[in-house]
Amino acid sequence: MNETKRLWIILGAVIFSTLFVLGWFGRELYRNVPPIPQEVRTETGERVMTKEDILKGQQSWQSIGGQQVGSVWGHGAYQAPDWSADWLHREAVALRDLLSIKYHTNKYGDLPEYRQAEIDRRVQSEMRHNSYDPESGVVILSKERAKAIATTADHYMGLFGSDPSLAGLRESYALHEAALPDVSRRKAITAFFFWTAWAATTERPGMSVTYTNNWPHEPLVGNHATTASLVWSLISIALLLAGVGALVWYKLFRDREEEAPTPDRNDPLDRIETTPSMRAAGKYALTVIALFVVQTLLGGLTAHYTVEGGHFFGIPLADILPYAVSRTWHIQLAVFWIATAFLAAGLYLAPAVGGREPKFQRLGVNVLFGALLLVVAGSLAGEWLSIQQAFSLDVGFWFGHQGYEYVDLGRFWQILLFVGLVLWLVLMLRGLWPALKQDGHRRQLVLLFAGSSAAIGLFYGAGFFYGAKTHLTIMEYWRWWVVHLWVEGFFEVFATAAIAFIFTRLGLVKSLSATRAVLFSSAIYLFGGIPGTFHHLYFSGTPISIMAVGATFSALEVVPLALIGYEAWETYQKAHVVSWMENYKWPIRFFMGVAFWNLVGAGVFGFLINPPIALYYMQGLNTTPVHAHAALFGVYGLLALGLTLVVLRRLYPLGVWRDGPLRLAFWSMNGGLVLMIAISLLPIGLAQTWASIEHGLWYARSAEFLQQPVMEVLRWLRTIGDTVFLIGVGALTYFVIGLVTGWSYQKTESDREVPVDSIPKKQPV
């Protein structure tokens, strides 16, 4: 313990201090959110909208899929516009014409340049002026601006209804017909869109920047990148270079090399008893593959909607499965199958680590599996019904669609999922308990495994700190606790501890070395990762302090990713010293893929959009799904599949696996991901970035820009990458089915296939 005591202290200090920073500045965020006015009125006292209208509009937006239909403040889907930027531009153009007629009796386009410049200044002055009265909660607008709001609202009333003149635009947006058939909901959603645009163009009291730090870029209203965006971007780059330099120095001069352990002549995992609960975890592994197949097929359909609107090669499939549903399910199932793989790995490893089977453990594993199926089926059905407008707004939030990316499932299903995670945590701790009572370095590794399991089980609860009518800024704060801290933070620690345990049991790494590596990697990863949560919130109605913290720490997230890749390569080089390691060749290959995509997808593509000045122009563009696909599948997806293959290797231990399908699966999925990014997503994202810098975000996300022939060709080219990827998915599915039927084994006289429920027990260690 003395050899690792300092690292334990460092890890504890990192977790405590960084969570304190996240909470402290979260308090500042609560205090500085953009106000939602009690009422918006004209100078003559005419009511334009109320707070109730805005909040009902927020719920209406949630009910049709929310962030799965376009985006708000840059967060959400990439096909339809960013509604904040789109409203802002349309309102500014309408106001410009109205002011032009008022002062010069001509439309803006008919005025000489010096008159246009005068009108431009009037538009900026009026839209940036903060007329909010904190005592009464009232915003006062000119009658011209009220008319501009009404004109803009008419456009959205037709767009979310069935106006035939906007059918082509709906197709370009992949927005289904009559998305909001209820007139009152359509009217309310226009109030919500207005408020998000108002916050984006109205200056904070006593400051010359808007509530969203001048985001989005919109020259018409004077929204340009702030000095803070540039300064903190430069600081983040300097910190990244310093962090990488410190890491290189540590590995060269301070990291102590240890003599590698001598692997056993026989597979050490063969000495572990396969208990009933471990065999019961096999159905989780098979479910991972089933959900993965459905999720990838939905991804292909969603990508296809971006080129054919509501059709799939001419078939009007969106009549049954709109883009909002397919994208919701695609993202939701990604979380489900990756989480299921982690559940399976944990449930399999817990008794193996503990050395015995707790009483009723198998029953708990089976009950949890039933609850998992209920949550998956119930949440997907509820989301479809919500988007079909089958629920009232309040009921829809509970049983239908919350409207927020990655936590789309209704609150009822979210609660059930949390209960399931707590049950999983209990099962994990029961299995690990005997090992936690032992002494030695292995106990420390088990403690790390148990602690990361507890974090996964409990931190999902952050999603309960907001409701249907919670302020959008506050909701985003807690949503990113789930998406960033839960998925990108503690999942990473859990995976690192799980892989370390597997490698120590295989004899590739000593327990002391593994413990030190996990402690060190977790400390430096969480040091940047926990406060780095704020890099998602630069322009979500937060104060400049959030930008400073997010930019500073998110730069450091990249540093440990290089370390993980280095250690993975070192371990991979040790994997050929004994013949039985051939059994684990492909799981280890998948772990190597994780190391590559950690550096490229999470590191390079993540840092591409993380500095404030980059994200100012790139937020809400296709540069974000470049990072999302490379990091979510490349890191967590490959990791989940690698863990699943380890579980399957142990549950089907007799027989030599056929390499062909796994080789095809591995290289096709990785190659397909490369092609998807290189020939489609990244070129589109960079072209949009150019348009965003030159004209504004509204243009980069507009149908006018995205429906250009060259952009359509780039979207069609994604079919190549998707097809190659799906070939890999098919090969993996073929292989896993073959473990049950027998065709995935090399045929020898001594080999025989053993069904999962009839695997003979081995003696415990």
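No hydrogens, no waters, no symmetry mates; every other heavy atom, side chains included, goes into these values.
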Straight-line distance of [X] [atom1] to [Y] [atom2], nearest 0.5 Å:
X: Leu333; Y: Leu380; atom1: CG; atom2: CG; result: 5.0 Å
X: His535; Y: His484; atom1: NE2; atom2: NE2; result: 6.0 Å
X: Leu220; Y: Leu88; atom1: CG; atom2: CG; result: 8.0 Å
X: Glu177; Y: Arg170; atom1: CD; atom2: CZ; result: 4.0 Å

Any ion pair linking [Y] and [X] (charged N to carboxylate O, less than 4.0 Å)?
X: Glu118; Y: Arg122; result: yes
X: Arg90; Y: Asp86; result: yes
X: Arg41; Y: Glu46; result: no
X: Glu405; Y: Arg327; result: yes

Heavy atoms, side chains only, cut-off 4.5 Å: are [X] and [Y] in contact?
X: Ile609; Y: Leu621; value: no
X: Gln389; Y: Ile64; value: yes
X: His155; Y: Leu169; value: yes

Can you list the steps and then say if Lys147 with Glu144 is a salt bridge (Lys or Arg N to Asp or Glu O under 4.0 Å)? CA-CA 5 Å; Lys147 288 180 181 178; Glu144 286 78 21; 6.0 Å; no
Output field: ring centroids [X]/[Y] closer than 6.0 Å:
X: Phe192; Y: Trp61; answer: yes
X: His217; Y: His695; answer: no
X: Phe160; Y: Trp83; answer: yes
X: Tyr211; Y: Trp198; answer: yes
X: Phe553; Y: Phe534; answer: no

Axial cation check for [Y] ring with [X], 6.0 Å and 45° limits:
X: Arg701; Y: Tyr78; answer: no
X: Arg27; Y: Trp24; answer: yes
X: Arg411; Y: Tyr466; answer: yes

Hey, is the main chain of [Y] close enough, under 3.5 Å, to the side chain of [X] for a donor-acceptor pair?
X: Glu383; Y: Val325; result: no
X: Ser131; Y: Ile140; result: yes
X: Tyr616; Y: Asn214; result: yes
X: Gln79; Y: Val69; result: no

By the definition ring pair (Phe, Tyr, Trp, His ring centres under 6.0 Å), identify the one residue from Tyr30, Trp195, Phe465 that meets it with His471. Trp195
Among Tyr406, Trp215, Phe539, Trp480, exactly one meets ring pair (Phe, Tyr, Trp, His ring centres under 6.0 Å) together with His75. Which residue is that? Trp480
Side-chain donor-acceptor contact under 3.5 Å, [X] with [Y]:
X: Gln59; Y: Arg185; answer: no
X: Tyr108; Y: Asp120; answer: yes
X: Thr50; Y: Asp53; answer: yes

Considering all heavy atoms, the nearest Ser702-Tyr699 contact: OG-O, 2.8 Å
Under the side-chain hydrogen bond (donor to acceptor under 3.5 Å, both in side chains) criterion, do Ser63 and His401 qualify, and how do the steps go? CA-CA 6 Å; Ser63 74; His401 206 306; over 6 Å; no
CD/Gln708: more than 12 non-hydrogen atoms of other groups inside 6.0 Å: yes
Show the numbers, then the answer: is there a side-chain hydrogen bond (donor to acceptor under 3.5 Å, both in side chains) between Glu476 and His536? CA-CA 9 Å; Glu476 284 287 0; His536 299 284; over 6 Å; no
